[in-house]
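Per chain, numbering begins at 1; letters A, B, ... match sequence-line order. When reading the values below, keep in mind they use all heavy atoms of this one structure, side chains included, and skip hydrogens, waters and symmetry mates.
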Amino acid sequence: MHDLRAIRANPAAFDAAMARRGLGAVSPDILALDAERRAVLTELQGLQERARAISKQVAEFRRTGLPTESLILNAAQIAQNIPALEQRASQKEDEVQRLLAGLPNVLDPDVPDGTDESANLVLAQHGEPRDLGFAPRQHFELGEALGMMDFAAAAKMSGSRFVVLRGALARLERALGQFMLDLHTREHGYTEMAVPTLVNDAAAYGTDKLPKFGDTMFRTTDGRWLIPTAEVPLTFSVANEVLAARALPLRLTALTECYRSEAGAAGRDTRGMLRQHQFRKVELVSITAPEASAEEHERMTRCAEAVLRALGLTFRRVLLCAGDTGFGAAKTLDLEVWLPGQQAWREISSCSNTRDFQARRMGARMRGTDGKALSFVHTLNGSGVAVGRALIAVMESHQQADGSILIPPVLRPYMGGAERIAAA
RNA sequence: GGAUGAGUGGCCGAGCGGCUUAAGGCAGCGGUCUUGAAAACCGCCAAAGGUUCAAAGCCUUUCGUGGGUUCGAAUCCCACCUCAUCCGCCA
């Protein structure tokens with residue numbers, strides 16, 4: 001959500017910001033609507049003031065025993081016009097809000113221009129794609145050969161884009177989630193949360209999934225949403241709160257199921273479990289003071305990278321360009337992991353600073369250190385990391401010529417000490 | 001699913017048609033005192049919006065949400081939402 005006053009103060013700057021998102025000049029529409037809104041409000045408030053003054057006089061006259069009939073008649077006349085004006089005022093208010101709610105966040109200055117992922121900037125790389133000494137297989141080839149990854153069984157009960165894991169592979173997925181949570185809570189100062197995965201409209205709106213992206217989520221028959229990411233419940237936990245400056249930053253993490261309709265992804269990544277309707281993810285969310293969010297963004301990304309390092313994966317850090325940066329983000333850093341089987345870099349984490357964009361939508365504020373000034377907090381979210389994709393990466397990266405998979409040492413305590421996953 | 005009760009500023013909480021401009025307390029901020037801190041005492045402290053180049057000032061709105069009654073609603077009426085408790089069912 002955007003600050004209407006800021007747009008009014010500098011419409012050209014706002015239009016320039018939206019132009020980076022590929023949008024035309026929107027400020028003229030906003031300002032025209034806002035002018036109407038204010039005109040109606042001014043008129044309405046004038047009437048309200050007169051009506052209130054007369055009501056006070058009625059009370060006064062009653063006390064002193066003066067006749068009130070003409071006053072009441074007068075007030076009734078004024079009050080007659082108020083409901084219609086109120087309706088127009090709230091209608092204009094809604095129109096402005098609806099217009100603003102559909103506009104993406106202003107990008108950080110250091111986000112590169114560009115319309116698609118080809119303009120993304122690779123900032124750093126950890127490790128090198130290396131030759132395994134044999135033809136690497138893709139994760140689903142490995143998993144199916146092991147008898148532990150079953151897409152047919154999933155299709156039978158749920159359809160495409162689901163998977164059934166068995167035995168050691170099911171355990172490996174659990175191990176990955178536990179390891180990530182332990183790492184972030186023990187080493188990185190995050191607080192583990194257990195949160196609902198069904199949320200209401202307000203939560204989806206506050207985290208900028210609505211009104212634009214309803215078709216990417218699953219909706220329940222009673223009008224709730226299956227969360228597409230734990231970012232939604234974690235971030236919305238501070239909605240409508242006023243936080244003390246000293247309580248910040250808030251660092252929250254949760255391991256949840258995530259649900260995505262994948263509408264518009266028809267035909268993409270249909271093989272394997274890269275793109276599923278349901279997957280697990282460890283999410284990182286930070287709530288910070290405005291001046292601290294840029295540094296927190298960097299820190300959060302390093303926390304996600306620590307997971308990939310510990311798992312012995314090859315990855316790179318990518319700064320998304322204007323056209324590839326999500327609706328609510330001011331700046332996004334993706335982590336892409338190297339998948340030897342696919343011979344491709346694939347996104348495994350996405351860390352975004354939304355600045356005050358979500359905070360405005362959900363009314364999340366903080367009290368400054370002077371004890372007076374209220375300001376919107378900044379919210380950040382990042383995957384730390386996607387568990388399903390981490391499973392794929394571990395399988396493909398640590399596969400052996402015989403089709404077995406070497407378990408990274410950090411996961412072995414979670415695997416009953418086992419060092420290798422091999423066919424039974 | 002049924003019954004009962006409750007939703008008031010950052011938090012607690014009084015108020016139940018017009019001297020409410022929402023009491024009082026806590027927290028917060030500033031000060032006095034102190035070597036410093038604590039305590040005590042004094043003072044300041046809701047938000048959003050309109051008017052304005054801006055500030056001050058003035059004005060409006062907000063007591064869960066939406067309607068209604070009234071000249072006037074935190075207060076009365078209706079619907080809904082949420083929470084709590086009990087019953088039923090249940091992992």
Pair D334(A)-S350(A), side-chain donor/acceptor within less than 3.5 Å: yes
Ring-face cation contact, Y205(A) with R361(A), 6.0 Å cut, 45° max: yes
T288(A) versus E296(A), side-chain donor and acceptor atoms under 3.5 Å: no
Donor-acceptor pair (no angle test) under 3.5 Å: Q45(A) side chain, G49(B) base: yes
Basic-acidic side-chain contact under 4.0 Å: E298(A), R302(A): yes
Modelled atom types, side-chain donor and acceptor of E231(A) and Q358(A), under 3.5 Å: yes
G30(B) to U82(B) separation - P atoms, rounded to the nearest Å: 42 Å
RNA chain B: 5'-proximal contact among A79(A) and T42(A) (nearest heavy atom): T42(A)
E69(A) CD to G72(B) C1', straight-line distance once rounded to whole Å: 16 Å
Separation between the P atoms of G64(B) and C11(B), rounded to whole Å: 13 Å
Rounded P spacing from G10(B) to U69(B) in Å: 31 Å
Same-atom distance (P) from U62(B) to G9(B), integer angstrom: 15 Å
Consecutive-pair stems (3 or more, Watson-Crick or G-U, under 3.5 Å) for RNA chain B: B:1-7 with B:81-87, B:10-12 with B:24-26, B:28-32 with B:40-44, B:46-51 with B:57-62, B:64-68 with B:76-80
Residue pair T332(A) / T325(A), side-chain donor-acceptor N/O under 3.5 Å: no
NZ/NE/NH1/NH2 to OD/OE distance under 4.0 Å, D201(A) and R219(A): yes
RNA chain B contacts among residues 2-9 of chain A, heavy-atom distance under 4.0 Å: R5(A), R8(A)
Separation of atom CZ in R246(A) from atom P in A27(B), rounded to whole Å: 12 Å
Rounded distance in Å - CD (E43(A)) to P (U61(B)): 15 Å
R161(A) bridged to E262(A) by N-O distance under 4.0 Å: no
Phosphate OP1/OP2 of A47(B) contacted by R365(A) side-chain N/O (<4.0 Å): no
Distance test, side-chain N/O of R37(A) to OP1/OP2 of G50(B), below 4.0 Å: yes
Protein-nucleotide distance (N240(A), atom CG; G10(B), atom P), rounded to Å: 10 Å
Atom pair distance, as rounded to whole Å: CD in Q80(A) and C1' in U70(B): 15 Å
Near-ring test H2(A)/F357(A), centroid separation under 6.0 angstrom: yes
Touch class at under 4.0 angstrom, heavy-atom based, for I54(A) against every strand present: nothing
Integer angstrom distance from the C1' of U85(B) to that of A91(B): 22 Å
Nearest-Å distance once atom C1' is located in both A14(B) and C53(B): 44 Å
R50(A) or D34(A), whichever maps to the more 5' nucleotide of RNA chain B: D34(A)
Donor-acceptor pair under 3.5 Å, R62(A) side chain vs G18(B) base: yes
Sugar-phosphate, base or nothing in reach of A75(A), heavy atoms under 4.0 Å: sugar-phosphate
Distance, rounded to the nearest Å, where R360(A) contributes CZ and A47(B) contributes C1': 15 Å
Pairwise C1' distance for C81(B) and G67(B), with rounding to whole Å: 14 Å
Atom pair distance, as rounded to whole Å: CG in L374(A) and P in A48(B): 6 Å
N or O in side chain of R38(A) less than 4.0 angstrom from U51(B) OP1/OP2: yes
Nearest-angstrom distance, C1' atom, A39(B) to C45(B): 22 Å
Plane angle bin for Y190(A) and H188(A) - parallel if under 30°, tilted between 30 and 60°, otherwise perpendicular: perpendicular
Whole angstrom value for the distance that separates C1' of A47(B) from CZ of F376(A): 11 Å
Q87(A) atom CD: more than 12 heavy-atom contacts under 6.0 Å: no
